[in-house]
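Heavy-atom basis, side chains included; hydrogens, waters and symmetry copies ignored. These numbers were taken from a predicted model, which means no experiment stands behind them. As the structure lists them, so they are numbered: ligands from 1, and atoms in each ligand from 1.
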Amino acid sequence: MLTMDGNQEDSLQASSTILEVKNLTITYKFSNYSIKVVNSANIHVMKGEKVGIVGESGSGKTSLATAISGLLDSPPAIHNGGKIYFDGREITPILSPDRNKNGVLGLNMVFQEPLTSLNPVYRVRDQLLESMMACGLVKKDDKNSVSQGIDSIKEMLGELSIDSPEKVIEKFPHELSGGMRQRIAIALALLQKPKLVIMDEPTTGLDTIVQVKLLKLLSRMQSETGLSLIIITHDLTVAAQICDRIYVMYAGKIVEYGKTSAIIKNPKHPYTSLLLSSIPSGFYDSPPLPSMRGDPPDMRNIPKGCAFSPRCPFAFDRCQMSEPEIAILENNQGVACFLYE
Ligand SMILES: Nc1ncnc2c1ncn2[C@@H]1O[C@H](COP(=O)(O)OP(=O)(O)OP(=O)(O)O)[C@@H](O)[C@H]1O
Ligand SMILES: [Mg+2]
(Lines give C-alpha, C1' and ligand atoms only; values in the text may rest on other atoms or scores of the structure.)
(Ligands and ions follow the chains in the order given, each with its own letter.)
Protein backbone atom coordinates (compact mmCIF):
# COMPACT_ATOMS: atom_id res chain seq x y z
CA MET A 1 0.00 0.00 0.00
CA LEU A 2 1.20 3.51 -0.71
CA THR A 3 1.94 5.71 2.23
CA MET A 4 2.18 9.47 2.41
CA ASP A 5 4.55 11.85 4.17
CA GLY A 6 5.01 9.61 7.14
CA ASN A 7 1.33 9.70 8.05
CA GLN A 8 -0.83 6.71 8.63
CA GLU A 9 -2.87 6.32 5.48
CA ASP A 10 -6.06 4.48 4.84
CA SER A 11 -6.57 2.67 1.57
CA LEU A 12 -9.13 5.25 0.43
CA GLN A 13 -6.51 8.00 0.44
CA ALA A 14 -3.96 5.73 -1.18
CA SER A 15 -6.35 4.92 -4.01
CA SER A 16 -6.82 8.61 -4.78
CA THR A 17 -3.10 9.34 -4.83
CA ILE A 18 -1.81 9.88 -8.37
CA LEU A 19 1.86 10.39 -7.47
CA GLU A 20 3.98 9.51 -4.51
CA VAL A 21 7.71 10.11 -4.10
CA LYS A 22 9.24 8.29 -1.14
CA ASN A 23 12.60 9.22 0.37
CA LEU A 24 14.14 10.15 -2.97
CA THR A 25 17.82 11.02 -2.89
CA ILE A 26 19.84 12.05 -5.93
CA THR A 27 23.50 13.00 -6.20
CA TYR A 28 25.34 14.55 -9.13
CA LYS A 29 28.85 13.15 -9.24
CA PHE A 30 31.60 15.01 -11.03
CA SER A 31 35.30 14.22 -11.29
CA ASN A 32 36.32 16.27 -8.26
CA TYR A 33 33.12 16.82 -6.26
CA SER A 34 29.56 15.58 -5.68
CA ILE A 35 26.38 17.46 -4.83
CA LYS A 36 23.29 16.04 -3.18
CA VAL A 37 20.60 17.78 -5.25
CA VAL A 38 17.61 15.95 -3.76
CA ASN A 39 17.81 14.80 -0.16
CA SER A 40 15.22 12.26 1.11
CA ALA A 41 12.33 14.02 -0.61
CA ASN A 42 8.79 12.88 0.17
CA ILE A 43 5.95 14.35 -1.81
CA HIS A 44 2.53 13.20 -2.90
CA VAL A 45 -0.16 14.49 -5.25
CA MET A 46 -3.79 13.47 -5.04
CA LYS A 47 -5.97 12.95 -8.12
CA GLY A 48 -7.21 16.36 -9.27
CA GLU A 49 -4.85 18.22 -6.97
CA LYS A 50 -2.65 21.19 -7.91
CA VAL A 51 0.61 21.11 -6.00
CA GLY A 52 3.39 23.69 -5.99
CA ILE A 53 7.11 23.08 -5.44
CA VAL A 54 8.74 26.37 -4.52
CA GLY A 55 12.31 27.35 -3.75
CA GLU A 56 15.19 29.58 -4.77
CA SER A 57 17.36 28.92 -7.79
CA GLY A 58 19.53 25.83 -7.36
CA SER A 59 17.38 24.25 -4.63
CA GLY A 60 16.86 21.08 -6.71
CA LYS A 61 13.33 21.62 -8.07
CA THR A 62 14.12 20.72 -11.68
CA SER A 63 16.23 17.75 -10.57
CA LEU A 64 13.29 16.39 -8.52
CA ALA A 65 10.85 16.92 -11.42
CA THR A 66 13.20 15.37 -13.98
CA ALA A 67 13.65 12.36 -11.69
CA ILE A 68 9.87 11.89 -11.46
CA SER A 69 9.77 11.99 -15.26
CA GLY A 70 12.61 9.43 -15.42
CA LEU A 71 14.74 11.69 -17.56
CA LEU A 72 17.83 12.40 -15.48
CA ASP A 73 21.11 12.06 -17.33
CA SER A 74 23.63 9.65 -15.90
CA PRO A 75 26.36 10.74 -15.57
CA PRO A 76 26.20 12.96 -13.60
CA ALA A 77 23.06 11.74 -11.77
CA ILE A 78 23.15 8.85 -9.29
CA HIS A 79 20.05 7.43 -7.67
CA ASN A 80 20.91 7.02 -3.99
CA GLY A 81 17.59 5.60 -2.88
CA GLY A 82 13.87 6.16 -2.80
CA LYS A 83 10.90 5.12 -4.90
CA ILE A 84 8.30 6.72 -7.11
CA TYR A 85 4.73 5.52 -7.60
CA PHE A 86 2.38 6.81 -10.30
CA ASP A 87 -1.27 5.88 -10.65
CA GLY A 88 -0.95 2.84 -8.45
CA ARG A 89 2.28 1.37 -9.75
CA GLU A 90 5.96 1.79 -9.15
CA ILE A 91 7.80 3.68 -11.91
CA THR A 92 11.01 4.19 -9.97
CA PRO A 93 13.91 4.19 -12.43
CA ILE A 94 14.74 7.91 -12.46
CA LEU A 95 17.65 7.83 -14.90
CA SER A 96 16.80 8.15 -18.58
CA PRO A 97 18.61 4.99 -19.72
CA ASP A 98 16.63 2.89 -17.21
CA ARG A 99 13.08 4.22 -17.63
CA ASN A 100 11.03 2.86 -20.54
CA LYS A 101 12.04 5.17 -23.39
CA ASN A 102 8.44 6.01 -24.29
CA GLY A 103 7.95 7.37 -20.80
CA VAL A 104 5.01 6.68 -18.55
CA LEU A 105 1.61 7.06 -20.18
CA GLY A 106 -0.38 9.80 -18.48
CA LEU A 107 2.60 11.58 -16.93
CA ASN A 108 3.91 14.59 -18.86
CA MET A 109 6.48 17.24 -18.09
CA VAL A 110 6.81 20.74 -19.50
CA PHE A 111 10.47 21.63 -19.26
CA GLN A 112 11.87 24.88 -17.92
CA GLU A 113 13.60 25.33 -21.27
CA PRO A 114 10.82 24.81 -23.84
CA LEU A 115 13.18 23.86 -26.66
CA THR A 116 13.88 20.65 -24.69
CA SER A 117 10.30 19.55 -25.38
CA LEU A 118 10.17 20.64 -29.02
CA ASN A 119 11.75 19.03 -32.05
CA PRO A 120 13.49 21.75 -34.10
CA VAL A 121 12.91 20.07 -37.47
CA TYR A 122 9.14 19.67 -37.20
CA ARG A 123 6.49 22.31 -37.73
CA VAL A 124 4.36 23.00 -34.65
CA ARG A 125 1.33 21.33 -36.26
CA ASP A 126 3.20 18.13 -37.06
CA GLN A 127 4.75 17.69 -33.65
CA LEU A 128 1.51 18.39 -31.81
CA LEU A 129 -0.38 16.02 -34.12
CA GLU A 130 2.28 13.34 -33.73
CA SER A 131 2.13 13.56 -29.95
CA MET A 132 -1.65 13.09 -30.11
CA MET A 133 -1.18 10.11 -32.45
CA ALA A 134 1.36 8.61 -30.06
CA CYS A 135 -1.28 8.28 -27.39
CA GLY A 136 -4.09 7.19 -29.72
CA LEU A 137 -6.05 10.46 -29.73
CA VAL A 138 -5.60 10.99 -33.49
CA LYS A 139 -5.59 8.24 -36.11
CA LYS A 140 -2.83 8.77 -38.65
CA ASP A 141 -4.63 7.41 -41.73
CA ASP A 142 -8.03 8.89 -40.95
CA LYS A 143 -8.50 12.32 -42.56
CA ASN A 144 -11.42 13.20 -40.28
CA SER A 145 -9.48 12.30 -37.19
CA VAL A 146 -6.47 14.35 -38.35
CA SER A 147 -8.68 17.34 -39.15
CA GLN A 148 -10.35 17.11 -35.71
CA GLY A 149 -6.90 16.88 -34.17
CA ILE A 150 -5.84 20.08 -35.96
CA ASP A 151 -9.02 21.80 -34.71
CA SER A 152 -8.21 20.74 -31.13
CA ILE A 153 -4.66 22.07 -31.54
CA LYS A 154 -5.88 25.45 -32.79
CA GLU A 155 -8.44 25.64 -30.01
CA MET A 156 -5.81 24.86 -27.36
CA LEU A 157 -3.39 27.45 -28.78
CA GLY A 158 -6.22 30.01 -28.76
CA GLU A 159 -6.89 29.18 -25.11
CA LEU A 160 -3.21 29.78 -24.44
CA SER A 161 -3.60 33.32 -25.84
CA ILE A 162 -1.79 32.60 -29.09
CA ASP A 163 -3.11 34.87 -31.84
CA SER A 164 -3.65 33.39 -35.31
CA PRO A 165 -3.12 29.75 -34.32
CA GLU A 166 -3.63 28.71 -37.95
CA LYS A 167 -0.44 30.61 -38.86
CA VAL A 168 1.54 29.60 -35.79
CA ILE A 169 1.03 25.88 -36.38
CA GLU A 170 2.84 26.21 -39.72
CA LYS A 171 6.00 27.55 -38.03
CA PHE A 172 9.13 25.80 -36.78
CA PRO A 173 10.08 26.28 -33.10
CA HIS A 174 13.04 28.57 -33.91
CA GLU A 175 10.69 30.97 -35.70
CA LEU A 176 8.77 31.62 -32.46
CA SER A 177 9.52 33.78 -29.43
CA GLY A 178 10.53 32.16 -26.12
CA GLY A 179 7.12 32.83 -24.54
CA MET A 180 5.36 31.38 -27.59
CA ARG A 181 7.53 28.25 -27.51
CA GLN A 182 6.73 27.86 -23.82
CA ARG A 183 3.00 27.86 -24.62
CA ILE A 184 3.49 25.38 -27.49
CA ALA A 185 5.31 23.07 -25.04
CA ILE A 186 2.42 23.46 -22.59
CA ALA A 187 -0.07 22.68 -25.40
CA LEU A 188 1.98 19.61 -26.32
CA ALA A 189 1.70 18.29 -22.76
CA LEU A 190 -2.00 19.11 -22.29
CA LEU A 191 -3.26 17.85 -25.68
CA GLN A 192 -2.29 14.31 -24.74
CA LYS A 193 -4.94 14.42 -21.98
CA PRO A 194 -2.52 13.26 -19.28
CA LYS A 195 -3.40 12.41 -15.70
CA LEU A 196 -0.54 14.47 -14.27
CA VAL A 197 1.47 17.31 -15.77
CA ILE A 198 4.62 18.64 -14.16
CA MET A 199 5.25 22.21 -15.26
CA ASP A 200 8.69 23.58 -14.56
CA GLU A 201 8.55 27.38 -14.29
CA PRO A 202 5.58 27.57 -16.70
CA THR A 203 5.05 31.31 -16.33
CA THR A 204 8.64 32.56 -16.38
CA GLY A 205 8.75 33.69 -20.03
CA LEU A 206 5.20 35.03 -20.11
CA ASP A 207 3.92 38.55 -19.55
CA THR A 208 1.58 39.09 -16.62
CA ILE A 209 -1.68 39.01 -18.57
CA VAL A 210 -0.79 35.76 -20.33
CA GLN A 211 0.40 34.33 -16.98
CA VAL A 212 -2.98 35.00 -15.40
CA LYS A 213 -4.78 33.49 -18.41
CA LEU A 214 -2.59 30.40 -18.30
CA LEU A 215 -3.21 29.86 -14.59
CA LYS A 216 -6.96 30.27 -15.16
CA LEU A 217 -6.87 27.81 -18.08
CA LEU A 218 -5.01 25.26 -15.96
CA SER A 219 -7.51 25.63 -13.13
CA ARG A 220 -10.40 25.21 -15.56
CA MET A 221 -8.85 22.17 -17.24
CA GLN A 222 -8.22 20.70 -13.84
CA SER A 223 -11.86 21.04 -12.81
CA GLU A 224 -13.15 19.79 -16.20
CA THR A 225 -10.85 16.82 -16.63
CA GLY A 226 -9.62 15.94 -13.14
CA LEU A 227 -6.05 16.59 -14.27
CA SER A 228 -3.44 16.76 -11.50
CA LEU A 229 -0.72 19.38 -11.68
CA ILE A 230 2.69 20.02 -10.20
CA ILE A 231 3.76 23.63 -10.67
CA ILE A 232 7.45 24.24 -10.08
CA THR A 233 8.33 27.85 -9.49
CA HIS A 234 10.71 30.16 -7.66
CA ASP A 235 7.76 32.56 -7.32
CA LEU A 236 5.56 31.81 -4.33
CA THR A 237 2.86 34.15 -5.67
CA VAL A 238 2.44 31.95 -8.78
CA ALA A 239 2.02 28.82 -6.65
CA ALA A 240 -0.32 30.68 -4.29
CA GLN A 241 -2.59 31.69 -7.18
CA ILE A 242 -3.26 28.17 -8.40
CA CYS A 243 -2.08 25.47 -6.00
CA ASP A 244 -4.05 23.61 -3.34
CA ARG A 245 -0.88 22.66 -1.47
CA ILE A 246 2.73 23.80 -1.56
CA TYR A 247 6.07 22.12 -0.84
CA VAL A 248 8.95 24.44 -0.02
CA MET A 249 12.41 23.21 -1.03
CA TYR A 250 15.76 24.42 0.29
CA ALA A 251 19.16 22.96 -0.66
CA GLY A 252 17.63 19.73 -1.98
CA LYS A 253 15.30 19.17 1.01
CA ILE A 254 11.59 19.66 1.49
CA VAL A 255 11.62 21.97 4.52
CA GLU A 256 7.91 22.75 4.75
CA TYR A 257 4.64 21.67 3.18
CA GLY A 258 0.99 22.33 3.75
CA LYS A 259 -2.19 23.80 2.37
CA THR A 260 -1.54 26.98 0.40
CA SER A 261 -3.54 29.07 2.87
CA ALA A 262 -1.43 27.77 5.77
CA ILE A 263 1.86 28.36 3.93
CA ILE A 264 0.85 31.91 3.04
CA LYS A 265 -0.87 32.96 6.26
CA ASN A 266 0.91 30.84 8.80
CA PRO A 267 4.36 29.82 7.54
CA LYS A 268 6.34 27.84 10.09
CA HIS A 269 9.78 27.45 8.58
CA PRO A 270 11.91 30.63 8.73
CA TYR A 271 12.86 30.00 5.09
CA THR A 272 9.19 30.09 4.01
CA SER A 273 8.90 33.38 5.88
CA LEU A 274 11.94 34.62 3.97
CA LEU A 275 10.29 33.74 0.66
CA LEU A 276 7.11 35.50 1.77
CA SER A 277 8.95 38.56 3.00
CA SER A 278 10.50 38.98 -0.45
CA ILE A 279 7.04 39.42 -1.99
CA PRO A 280 6.23 43.14 -2.39
CA SER A 281 4.36 44.48 0.64
CA GLY A 282 0.59 44.54 0.40
CA PHE A 283 0.44 41.22 -1.46
CA TYR A 284 0.18 39.07 1.65
CA ASP A 285 0.28 39.81 5.37
CA SER A 286 3.60 38.05 5.77
CA PRO A 287 5.08 38.27 9.23
CA PRO A 288 8.26 40.37 9.07
CA LEU A 289 11.46 38.69 10.19
CA PRO A 290 13.96 40.38 12.50
CA SER A 291 16.75 39.98 9.97
CA MET A 292 17.41 37.84 6.95
CA ARG A 293 20.83 37.53 5.53
CA GLY A 294 22.95 35.57 3.11
CA ASP A 295 22.52 33.81 -0.19
CA PRO A 296 21.40 30.31 -1.14
CA PRO A 297 24.07 27.77 -0.13
CA ASP A 298 26.74 26.50 -2.46
CA MET A 299 25.43 22.98 -3.15
CA ARG A 300 29.04 21.69 -3.14
CA ASN A 301 29.38 22.78 0.43
CA ILE A 302 26.06 22.52 2.22
CA PRO A 303 26.34 23.64 5.85
CA LYS A 304 26.30 20.92 8.51
CA GLY A 305 23.04 20.50 10.43
CA CYS A 306 20.14 22.54 9.05
CA ALA A 307 21.30 23.93 5.69
CA PHE A 308 19.34 27.12 6.36
CA SER A 309 20.94 27.79 9.76
CA PRO A 310 23.60 30.30 8.55
CA ARG A 311 20.78 32.54 7.26
CA CYS A 312 18.29 31.89 10.02
CA PRO A 313 17.74 34.56 12.68
CA PHE A 314 16.36 31.90 15.06
CA ALA A 315 19.21 29.38 14.76
CA PHE A 316 20.66 27.94 17.95
CA ASP A 317 23.51 25.51 18.64
CA ARG A 318 21.64 22.36 17.73
CA CYS A 319 20.78 23.71 14.26
CA GLN A 320 24.45 23.68 13.33
CA MET A 321 24.92 20.11 14.56
CA SER A 322 22.04 17.98 13.31
CA GLU A 323 19.46 18.00 10.55
CA PRO A 324 15.86 18.46 11.69
CA GLU A 325 13.33 15.86 10.55
CA ILE A 326 9.86 16.84 9.34
CA ALA A 327 7.49 17.40 12.27
CA ILE A 328 3.82 17.17 11.37
CA LEU A 329 1.72 19.92 12.90
CA GLU A 330 -2.01 20.55 12.85
CA ASN A 331 -3.84 20.43 9.48
CA ASN A 332 -1.09 18.18 8.17
CA GLN A 333 1.40 21.04 7.85
CA GLY A 334 4.92 19.62 7.91
CA VAL A 335 8.05 21.53 8.90
CA ALA A 336 11.68 20.52 9.25
CA CYS A 337 12.81 22.93 11.96
CA PHE A 338 13.88 22.39 15.58
CA LEU A 339 11.59 25.26 16.63
CA TYR A 340 8.62 22.93 16.10
CA GLU A 341 9.72 19.62 17.52
N1 LIG B 1 23.53 18.86 -15.45
C2 LIG B 1 24.04 19.43 -14.37
N3 LIG B 1 25.35 19.42 -14.15
C4 LIG B 1 25.89 19.98 -13.04
N5 LIG B 1 25.19 20.55 -12.06
C6 LIG B 1 23.88 20.62 -12.22
C7 LIG B 1 23.23 20.07 -13.37
N8 LIG B 1 21.89 20.29 -13.25
C9 LIG B 1 21.75 20.94 -12.08
N10 LIG B 1 22.93 21.13 -11.46
C11 LIG B 1 23.14 21.74 -10.15
O12 LIG B 1 22.27 21.07 -9.26
C13 LIG B 1 21.68 21.97 -8.35
C14 LIG B 1 20.17 21.89 -8.45
O15 LIG B 1 19.80 22.33 -9.74
P16 LIG B 1 18.29 22.36 -10.23
O17 LIG B 1 18.31 22.78 -11.65
O18 LIG B 1 17.63 21.08 -9.91
O19 LIG B 1 17.69 23.52 -9.31
P20 LIG B 1 16.39 24.43 -9.51
O21 LIG B 1 15.78 24.58 -8.14
O22 LIG B 1 15.54 23.88 -10.58
O23 LIG B 1 17.00 25.85 -9.94
P24 LIG B 1 16.36 26.98 -10.90
O25 LIG B 1 15.32 27.68 -10.08
O26 LIG B 1 17.55 27.85 -11.21
O27 LIG B 1 15.79 26.32 -12.11
C28 LIG B 1 22.25 23.34 -8.69
O29 LIG B 1 23.33 23.57 -7.81
C30 LIG B 1 22.73 23.19 -10.10
O31 LIG B 1 23.80 24.05 -10.35
MG1 LIG C 1 14.88 24.62 -12.36
Verdict with supporting geometry, D235 and T233, side chain to side chain donor-acceptor pair (under 3.5 Å):
CA-CA 5 Å; D235 184 345; T233 174; 5.3 Å; no
Is it true that the side chains of [X] and [Y] contain a donor and an acceptor less than 3.5 Å apart?
X: N80; Y: T27; value: yes
X: E256; Y: Y250; value: no
X: D200; Y: T62; value: yes
X: R300; Y: Y28; value: no
X: E201; Y: H234; value: yes

In terms of atom number and element, which parts of ligand 1 are under 4.0 angstrom from non-hydrogen atoms of [X]?
X: I35; value: 11 (C), 12 (O)
X: M299; value: 29 (O)
X: T62; value: 17 (O), 18 (O), 20 (P), 22 (O), 27 (O)
X: E56; value: 21 (O)

Considering only non-hydrogen protein atoms, determine which one is nearest to [atom] and report residue, atom name and distance to 0.1 Å.
atom: atom 13 (C) of ligand 1; value: V37 CG1, 3.5 Å
atom: atom 27 (O) of ligand 1; value: Q112 NE2, 2.8 Å
atom: atom 18 (O) of ligand 1; value: S63 OG, 2.5 Å
atom: atom 8 (N) of ligand 1; value: Y28 CE1, 3.6 Å
atom: atom 4 (C) of ligand 1; value: F30 CZ, 2.9 Å
atom: atom 1 (N) of ligand 1; value: P76 CG, 4.4 Å
atom: atom 26 (O) of ligand 1; value: S57 OG, 2.5 Å

Would you say atom 11 (C) of ligand 1 has a protein heavy atom nearer than 4.0 Å?
yes
Any non-hydrogen protein atom less than 4.0 Å away from atom 20 (P) of ligand 1:
yes
Counting backbone and side-chain atoms alike, does S63 have an N/O/S atom under 2.8 Å from the Mg ion (ligand 2)?
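Short answer: no, not a single N, O or S atom is under the cut-off.
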Report yes or no: does T62 have an N/O/S atom closer than 2.8 Å to the Mg ion (ligand 2)?
yes
Classify the ring geometry of Y247 against H44: parallel below 30°, tilted from 30° to 60°, perpendicular beyond 60°.
perpendicular
Under 30°, 30 to 60°, or over 60°: which ring-plane class applies to H174 and F172, parallel, tilted or perpendicular?
parallel
For atom 25 (O) of ligand 1, which of the options M249, K61, H234, E113 provides the nearest non-hydrogen atom?
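The nearest heavy atom belongs to K61.
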Which distance, rounded to the nearest 0.5 Å, do you find between the CD1 of I246 and the CD1 of I53?
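Nearest 0.5 Å value for the CD1-CD1 distance: 11.0 Å.
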Name the one of T272, V54, L275 that satisfies side-chain contact (heavy atoms from CB on, under 4.5 Å) with I263?
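Of the listed options, the one satisfying the test is T272.
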Would you say G60 has any N or O atom under 3.5 Å from an N or O of ligand 1, going by distance alone?
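Yes.
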Are any of the N/O atoms on G58, whether in the backbone or the side chain, positioned under 3.5 angstrom from an N/O atom of ligand 1?
yes
So which heavy atom on M199 is nearest to which on L190, and how close?
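Heavy-atom minimum between the residues: CE-CD2, 4.2 Å.
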